[in-house]
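Heavy atoms only: backbone and side chains are in, while hydrogens, waters and symmetry mates are out. Only a predicted model underlies this, so the values are computations on that prediction, with no experimental measurement involved.
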Amino acid sequence: MRRSPLSTPLHPTSYALDEVRWVTIGGMPQAIHVLGRAPASPLLLFLHGGPGVPHMPFTYVNAALAESFVVVHWDQRGAGKTFCASPQNIPRSVDDLVSDASEMVDWLCREFGQEKITVVGHSCGSAIGALLASRDPARIAAFVGLGQVADLQSAEFIRYGMVVRVVEERRDRANLHRLRDLGPPPYQCGAASDKLEAIAATVMDDCLDPFADGRFARLAAASGLCTDQEVVTYATGTRSSQRALWSELVFQLDLGSQACRLEVPVAFIVGDRDSFAPSFLAEEYLRKIRTRHSKIFCRLGGVGHWPHLQAPSLYRAALKTVLARSTN
């Protein structure tokens with residue numbers, strides 16, 4: 001069942017911390033939003049996906065997390081406010097984003113006087129988070145992958161088959177012709193992947209697209225965190241970042257070999273109806289991870305690739321549960 005984030009109250013009542021800050025990361029100004037009831041609460045850094053899809057406009061959908069954490073949403077290079085300020089500085093490799101994330105973690109720990117931070121990564125942000133936890137675990141209290149990706153090339157091939165089966169069952173001739181014209185993956189350009197995603201979004205009913213039907217613009221405007229010009233510019237940042245990293249993400253990313261040792265507690269929160277990153281691939285990846293710490297897998301029923309927006313209360317409950325279990 002598709003759930004809309006617009007049913008969730010967008011604004012908290014009163015928080016000691018509720019502000020946008022600019023931090024020099026990777027030699028350039030990058031924007032963060034900090035939300036928290038108490039400045040001394042544990043830190044939680046949210047890594048958005050895309051790449052280039054900012055989540056700062058969605059901050060208040062899960063504002064209730066700020067009762068327990070200082071929640072930091074960060075517009076990575078090539079995304080959101082950071083892209084608007086420095087459109088020439090898009091990521092040229094996944095390592096750019098991992099390096100930035102490591103620097104951001106260090107800055108936040110220093111700024112708030114804490115030794116460690118919980119990292120939550122969504123979609124492609126879950127790949128950044130896994131690579132970060134693998135390479136630089138010292139300051140990470142726990143890593144939570146949300147809509148966890150592992151091998152995007154395999155995921156795309158599986159997605160194509162899932163969509164074909166659905167349109168055949170529905171005798172949807174128009175989309176079946178579109179799929180046959182497109183052909184199965186692997187594709188040689190991001191435009192073909194975009195076409196598959198567009199078809200999937202219309203038939204799978206499992207992936208709430210925040211850019212569809214003006215949802216992103218409405219959330220951004222309601223948040224009060226974005227100017228009208230920023231909202232208009234955000235899509236350009238997303239396209240630029242995805243074009244720059246598409247080939248590397250699809251043809252080179254394999255977390256089962258690149259991030260198989262994580263010396264931090266690890267938890268994956270995934271939707272059982274996620275066709276972009278099928279949950280069984282995330283489960284297979286979790287089994288490959290070597291760690292002396294806890295490994296937790298949480299599958300949410302009736303949820304797709306955006307659990308934090310499709311089912312925010314379920315997401316928050318799952319997040320608190322897995323974090324409590326991972327620290328015991």
Side-chain angles (χ1 to χ4, degrees), residues 48-53 78 90-95 97 121-128 130-131 145-212 235 238-260 268 270-288 303-306:
H48 66 71
V53 178
I90 63 171
R92 297 298 178 182
S93 69
V94 171
D95 279 345
L97 297 177
H122 172 246
S123 193
C124 289
S126 70
I128 304 304
L131 291 166
L146 184 61
Q148 179 70 47
V149 303
D151 176 353
L152 287 175
Q153 187 171 1
S154 295
E156 191 165 64
F157 184 80
I158 292 166
R159 188 180 205 188
Y160 180 87
M162 293 170 68
V163 176
V164 168
R165 284 194 296 274
V166 169
V167 298
E168 286 180 341
E169 290 170 359
R170 295 180 181 177
R171 298 182 180 180
D172 182 347
R173 294 181 180 179
N175 277 316
L176 187 57
H177 286 311
R178 293 170 66 193
L179 287 166
R180 287 174 175 169
D181 289 343
L182 180 63
Y187 303 123
Q188 299 306 309
C189 67
S193 289
D194 291 343
K195 290 179 181 179
L196 175 59
E197 183 169 355
I199 299 170
T202 63
V203 302
M204 298 299 290
D205 195 31
D206 72 337
C207 183
L208 179 123
D209 179 358
F211 289 97
T238 299
R239 286 194 299 270
S240 299
S241 295
Q242 291 181 348
R243 287 170 182 165
L245 299 185
W246 179 82
S247 180
E248 180 181 0
L249 287 169
V250 172
F251 293 109
Q252 299 179 37
L253 181 71
D254 179 7
L255 295 183
S257 59
Q258 296 166 342
C260 58
F268 293 165
V270 302
D272 69 343
R273 297 183 63 191
D274 188 342
S275 68
F276 180 83
S279 61
F280 73 88
L281 290 181
E283 195 168 19
E284 288 178 1
Y285 170 43
L286 188 65
R287 284 196 291 266
K288 293 179 181 178
V303 176
H305 189 57
W306 297 74

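Here the closest heavy-atom approach between residue E248 and residue V94 is recorded as OE1-N, 3.1 Å. Closest non-hydrogen pair, S241 versus G78, comes out as OG-O, 2.9 Å. Scanning both residues, G147 and A277, for their nearest heavy atoms gives O-CB, 3.9 Å. In plain terms, the two heavy atoms of V250 and Q153 that are nearest each other are O-CB, 3.2 Å. When all heavy atoms are compared, the tightest approach of S126 to V149 is OG-N, 3.1 Å. When every heavy atom of G49 is checked against every heavy atom of S123, the shortest pair comes out as CA-CB, 4.5 Å.
Here D254 pairs with nothing under the salt bridge (charged side-chain N to carboxylate O under 4.0 Å, His left out) rule; sequence neighbours left out.
Atom OG1 of residue T238 and atom NE2 of residue H48 lie 8.5 Å apart, to the nearest 0.5 angstrom. The CG atom of D274 lies 8.0 Å from the CE atom of M162; values are rounded to the nearest 0.5 Å. Put simply, CZ on R165 and CZ on R170 are 13.0 Å apart, with the number rounded to the nearest 0.5 Å. Taking CG from L245 and CG from L97, the interatomic distance works out to 6.0 Å, rounded to the nearest 0.5 Å.
Residues I158 and L281 are in side-chain contact: their nearest non-hydrogen atoms beyond the backbone lie under 4.5 Å apart. Two residues are said to be in side-chain contact when any heavy atoms from C-beta on lie closer than 4.5 Å; P51 and L249 meet this criterion. The side-chain heavy atoms of K288 and L255, taken from C-beta on, include no pair separated by under 4.5 Å. Within the 4.5 Å cutoff, no side-chain heavy atoms of Y285 are placed close to those of D151. Side-chain atoms of V166 and E168, non-hydrogen and from C-beta on, never get closer than 4.5 Å to each other. In this structure, the side chains of L152 and C124 come closer than 4.5 Å at one or more pairs of heavy atoms. A heavy-atom distance below 4.5 Å is found between the side chains of R159 and E197.
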Hey, can you pull the donor-acceptor pairs under 3.5 Å for the side chains in residues 175-191, sequence neighbours left out?
residue: N175; atom: OD1; partner: R178; partner atom: NH1; Å: 2.7
residue: N175; atom: ND2; partner: D172; partner atom: OD2; Å: 2.7
residue: Y187; atom: OH; partner: G183; partner atom: O; Å: 2.6

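Under a cut-off of 6.0 angstrom, the local environment of CZ in R171 is sparse, with at most 12 non-hydrogen atoms contributed by other residues, nucleotides or ligands. Residue F251 places its CZ atom among more than 12 non-hydrogen atoms of other residues, nucleotides or ligands, all under 6.0 Å distant.
Side-chain contact, S193 with E156: a donor N or O sits under 3.5 Å from an acceptor N or O. Side-chain contact of S275 with H305: a donor-acceptor pair under 3.5 Å is absent, judged by distance alone.
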I'd like to know whether V303 forms a side-chain contact (heavy atoms from CB on, under 4.5 Å) with R273, so could you lay out the CA-CA distance, the side-chain angles of the two residues, the decisive distance to 0.1 Å, and finally the verdict.
CA-CA 5 Å; V303 176; R273 297 183 63 191; over 6 Å; no
